[in-house]
Number of protein chains: 4
Amino acid sequence: MVTKKPDATRRSERSRRAILASTRELIVELGYAKVSIDAIAARAGVGKQTIYRWWPNKGAVVFDSVLELSADPSGAVAALPDTGDLAADLRLVMRATVAEFADPAFEAPIRALNTEIANDPDLATLYRERLAAPVDEAKKDRLRSAQRAGQLDADADLDLVLEVLYAPLYQRWLLRTGPLTESYADALVAAALKAFGAS
Amino acid sequence: MVTKKPDATRRSERSRRAILASTRELIVELGYAKVSIDAIAARAGVGKQTIYRWWPNKGAVVFDSVLELSADPSGAVAALPDTGDLAADLRLVMRATVAEFADPAFEAPIRALNTEIANDPDLATLYRERLAAPVDEAKKDRLRSAQRAGQLDADADLDLVLEVLYAPLYQRWLLRTGPLTESYADALVAAALKAFGAS
Amino acid sequence: MVTKKPDATRRSERSRRAILASTRELIVELGYAKVSIDAIAARAGVGKQTIYRWWPNKGAVVFDSVLELSADPSGAVAALPDTGDLAADLRLVMRATVAEFADPAFEAPIRALNTEIANDPDLATLYRERLAAPVDEAKKDRLRSAQRAGQLDADADLDLVLEVLYAPLYQRWLLRTGPLTESYADALVAAALKAFGAS
Amino acid sequence: MVTKKPDATRRSERSRRAILASTRELIVELGYAKVSIDAIAARAGVGKQTIYRWWPNKGAVVFDSVLELSADPSGAVAALPDTGDLAADLRLVMRATVAEFADPAFEAPIRALNTEIANDPDLATLYRERLAAPVDEAKKDRLRSAQRAGQLDADADLDLVLEVLYAPLYQRWLLRTGPLTESYADALVAAALKAFGAS
DNA sequence: CAGTAATCGAGACGGTACGTCTCGTCTTGGA
DNA sequence: TCCAAGACGAGACGTACCGTCTCGATTACTG
């Protein structure tokens, strides 16, 4: 989380949740650019100072509100399925990502988050550490399992593999440069396995 | 361009150029978020109304200012080198992209442009049509040449090939998730050719 | 008139009349404060430059437009009635003034004119010379006739007499401090004659 | 006062005084027409919203600023002198008015106030109730005392008496139609007493 | 269980920027 | 050659938010 800590024990959990929920709602309703701190405070039934006491700026509030949407509060990340069939497992996971990007309740806040990250290197670091790294690690665990099973090149740079898999999907979504379909997800899996699959 | 047309023939070319140049300068100096229409007008020695007469909002001005940076006014796009060695040619082009992303005078405005595009579907369409499509077509011309030369799978989806090549680079740059080096560019070329190279 | 004189011979009488008429119409329709040069030009079917060529600013246009409303173009001023009965003649004239102030088509432009005059000493002088002085002189002619007839104190300061007669009427109208009725006009005539009537 | 009331208890007295003082200063320095809300806010060291929060428009600010100049905050109005000599007392008071009109620090703001009042019936009503009525009542008290003393016609319409006394002075000042001197004040007193003095 | 200290909702504050409107000047193209 | 049409630089308008600040009024630890 991005919150500062004046005396965190006294903090009102009620207000915290109301602020983050209102933020997500407003992002979906108005779009990221038109969300204001004033509007968040009003919707959450909270004084503006209560927001500024715990977050330094709008970006941080948006960041946390989206983080809460995606993350398990314990910080734990679910492992990827491992049926032994790498291609099938990746197709499953990538198709789930496609579905997520199609849901406006996820789409709008995540787009907002990406806007923040793209323009604020500090948030980018935070995002990488708190959210991306654990998820990527889970994915890489599955890839390592595939390497041991001889389904993936043992020398493959796993970060690169993930990028070849996910970056095209991400780019299409963010810039709306093409349709996001299940067959597109499948094609990416096929390409990645061709590039990095055990010979 | 994004300009509206009250009476485009009377338009002052002098003001137009001053506005777009000032916009680019301010993006580099202050960062996209802190650029204001007031500041652009003041720097350009122009009334605010002259900006609002021709562009609907800040996003459109930024869009055009960056477009002018990248685009040949005639709309022509340089063809990619074609030495006969696909891998070498792609490495050259991708390394050039890496270099561009490292130059602050390009980096900042292009980041601003991407922020606009990600949050405005209309600008995204415009961007695709005016800037991305011609460039992509030039790249695909080179790939088709490689297909004819038997260096690339004749059935390959060329859009997918371009995405596998460029999207990882773009993602690393936009989200700052990793270093952009020449060897990274080379690795992407290698992966793509492995995935789509003629068998 | 307030007009400048670049080459008054070339001046388009048609435009001049359209401008002044449009000005009066707009004052009545919108109130003085909301009348703009742009609106006058548009209504008159005239370029803005044609206005600025002949008048220095909005005040001057308003001034001339109201002047034309009140003044005989020849500069001649009708003499006051002289029936030999000063009180009756004055009552007639003052009642006519009351009626004029009650007519919105006169009221609004004259109020605009007074606003201009109150805030611009130069226009005040011009107003005094071009419009007020001749009218006052006609009124004083009638008073002199009354002095000769022994109906008015021979030593009376005629400017003061006119002020005692008209200023209360003017003040009530301008500041809306009281109703403007015929009996009020009559009361003013009675008071003035008591103050200045031949003893 | 003309102020609106969002939460008048929290209102900053410091800002209120700074705004009204700055307004008066700017009127004297620049003249009414050239005073802008921006300039008032800047001079007062105040945000524009603080002005718009409490006053609906420039006229209301000017109105209040001049009101504060003239009015005792308690609303009390000094009684006129009553030496028993009506003519002498009136001359004293009218000469004081002449002096006030000659002082630029009073002249400019009061002229601005009159411009507002002449063009806004609502402000005119407010002016009459808050400022003019109490002062007029004080003057009429003195006139009633004179009636009891047999120095003024017992039937005289006191409003009319005041108008005959003051309106000529006001008109000369507002339209600059003549010099404002002590002898002019004296002449008005003489005329009024001749018209309404006890026979 | 009272005292007290921090957080809370509320909202005014000094500011910055917005997008619109009007001013008075300058430019262009058709009559 | 004139002039309507209208773009231009300038700058004020009134609004929306920013992030800070003061208010009482809870609220929850501490003595």
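Here the structure is a predicted model, which is why all the values come from computation and not from measurement. Every chain is numbered from 1, with letters handed out A, B, ... down the list of sequences.
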Distance check needed: dT25(E) C1' versus Gln49(B) CD, whole Å only. 16 Å

Nearest-Å distance, OH (Tyr52(A)) to P (dG11(E))? 17 Å

Could you state the NZ-P distance from Lys48(D) to dT15(F), rounded to the nearest angstrom? 10 Å

Please report the distance, rounded to the nearest Å, between CD1 in Ile51(B) and C1' in dC21(E). 16 Å

For Ser15(D) and dG14(E), is the shortest distance between a side-chain N/O and OP1 or OP2 below 4.0 Å? yes

Under 3.5 Å, which N/O atoms of the protein pair with N/O atoms of nucleotides 3-7 of chain E?
| from | atom 1 | to | atom 2 | distance (Å) |
| --- | --- | --- | --- | --- |
| dA6(E) | O4' | Arg10(A) | NE | 3.4 |
| dT7(E) | OP1 | Asp7(A) | N | 3.4 |

Please give, in whole Å, the distance from dA28(F) C1' to Glu13(A) CD? 16 Å

Spacing between Ile40(C) atom CD1 and dG24(E) atom P, to the nearest angstrom: 11 Å

Would you mind classifying the nucleic acid contact of Thr9(B) as base, sugar-phosphate or nothing, using non-hydrogen atoms under 4.0 angstrom? nothing

Arg43(A) atom CZ is separated from dC17(F) atom C1', nearest whole Å, by 17 Å

Cation-pi, Trp55(A) ring and Arg11(A) (6.0 angstrom, 45 degrees): yes

Counting heavy atoms from C-beta on, name the nucleotide in dC8(F), dG24(E), dC13(E) closest to the side chain of Ile37(C). dG24(E)

Among the nucleotides dC13(F), dA4(F), dG24(E), whichever has the atom closest to the side chain of Val46(C) is dA4(F)

Take the protein atom CG of Asp38(C) and the nucleotide atom P of dT25(E), then report the distance between them rounded to whole Å. 13 Å

